Amino acid sequence: MEEKLREYAKLLIEVGLNVQKGQTLVISCPVDCAFFARLCASAAYDVGCREVVMRWSDDYLTRERFLRADDSVFDSLPLGQKEFLNGYAAEGAAYLSISARDPEALRGVDPDRITRANRCDDEVSAFYDAMMANVNPWCVASVPIPSWAKKVFPDLPEQEAMDKLWDAIFTSVRISGKGDAVARWREHVALLKSRIAKLNELHFTSLYYQNPLGTSLNIKLPETHVWAGGDNTSRAGFPFVANMPTEEVFTAPLRDGIDGVVYAALPLVHSGNIIENFHFVIKDGKIVEAHAEKGEDILKAAIAEDEGASYFGEVALVPYDSPISNQKILFYNTLFDENAACHLAFGEAYPECVEGGETMSKEELKAAGLNDSNTHVDFMVGTADLSIIGTTKDGREIPVFVNGNFAL
Ligand code: ZN
Ligand code: ZN
């Protein structure tokens, strides 16, 4: 275990973020996982990191704040947050985010408070824009905490649930304890790049999604769209991997080019709540109807966060036959669940999804057909019987996915 943990921390610092000599590292981490943040900090100093700066979080205190703080505090960020996030981003820092949460940490909280708090991200848009455009290296990875592990494995005692979630995470990020994770990641990234090359060569004008769950969705793609995935290159010229694990290749849809109905294939954890069995009706790119059997108020608040929140920002392809989905575990954490199934995201598009996008202004990105928003929420649509047909510029129809897997 000790060795696997060290290998994992080293993988995140050297491949996930590729921390450079003299670079600052900001780690966001729940207090429950302090031991792992320490391992990551040590691995960062090993490669010459200038300083590790911590941003601690705690489910209990977050919930208490949402339930009991004065109502006036939800319309602005706590003092210093803006300077902290925007300031380190401007300095070129690397950002490691340890994603570990009780999926229902905010159950019963007034959705209006959550929406207002999410809107405050506007104050740190310089930070979010830098991450979305891959100016700074960033990496999201996970470590189990008891409340999350118990949700994933409700029938097991706490320690067994924790051990099982650790195993599932190690399998997902290709850690065996033999020290070969870096080599395995190089191979994996190369496979994703080969899928990207095929998709970019075919340069589909649209994709049609269909499955027996009820999904029937046509998605137009921007004229200059490009597929991305695997690793990215920071503005300083260093490769990094933004999500560990990652199994997806993705691009952006044309902002007003989506029509039809899409059904979620898995529950979605959003803002400390679980949304289940939901579907959207979409017209000219905009969500015109949202229905959920559970968490409908949270879903409706999420798509009303701002103007762009009811439009789409991402189209991602993930084979049903992949190391995460083959574990047949519902993780209740988007980092894992989105890498087990084809997904879409409502909200902002990644600038890298159009040619030259990473150095374009907001206006230029909009003109290229990309959606802008302060939010970006992935939700899963891939099932074992999903079919996706791509249409090329000259009208050829080519199967992209058959029975949930790549057909290209
Ligand atoms: Zn994605
Ligand atoms: Zn996404």
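Both counts, for ligands and for their atoms, begin at 1 and track the order of listing. Everything quoted here is computed from the prediction, not taken from an experiment. Residues: numbered from 1 along the sequence shown.
- Centroid-to-centroid, the aromatic rings of Tyr263 and Phe278 stay 6.0 Å apart or farther.
- For the residue pair His225 / Glu223, no side-chain donor-acceptor distance below 3.5 Å is found, with atom types taken as modelled.
- Looking only at its N/O/S atoms, Glu314 has OE1 as the one nearest to the Zn ion (ligand 2).
- The Zn ion (ligand 1) sits nearest to atom NE2 when only the N, O or S atoms of His343 are considered.
- Two rings, from Phe346 and Tyr311, have their centers 6.0 Å or more apart.
- The nearest N, O or S atom of Asp378 is not closer to the Zn ion (ligand 1) than 2.8 Å.
- Of the possible donor and acceptor atoms, none in the side chain of Glu364 sits under 3.5 Å from a partner among the backbone N and O of Met360.
- Among the heteroatoms counted here (N, O or S) of Glu248, OE1 is the one nearest to the Zn ion (ligand 1).
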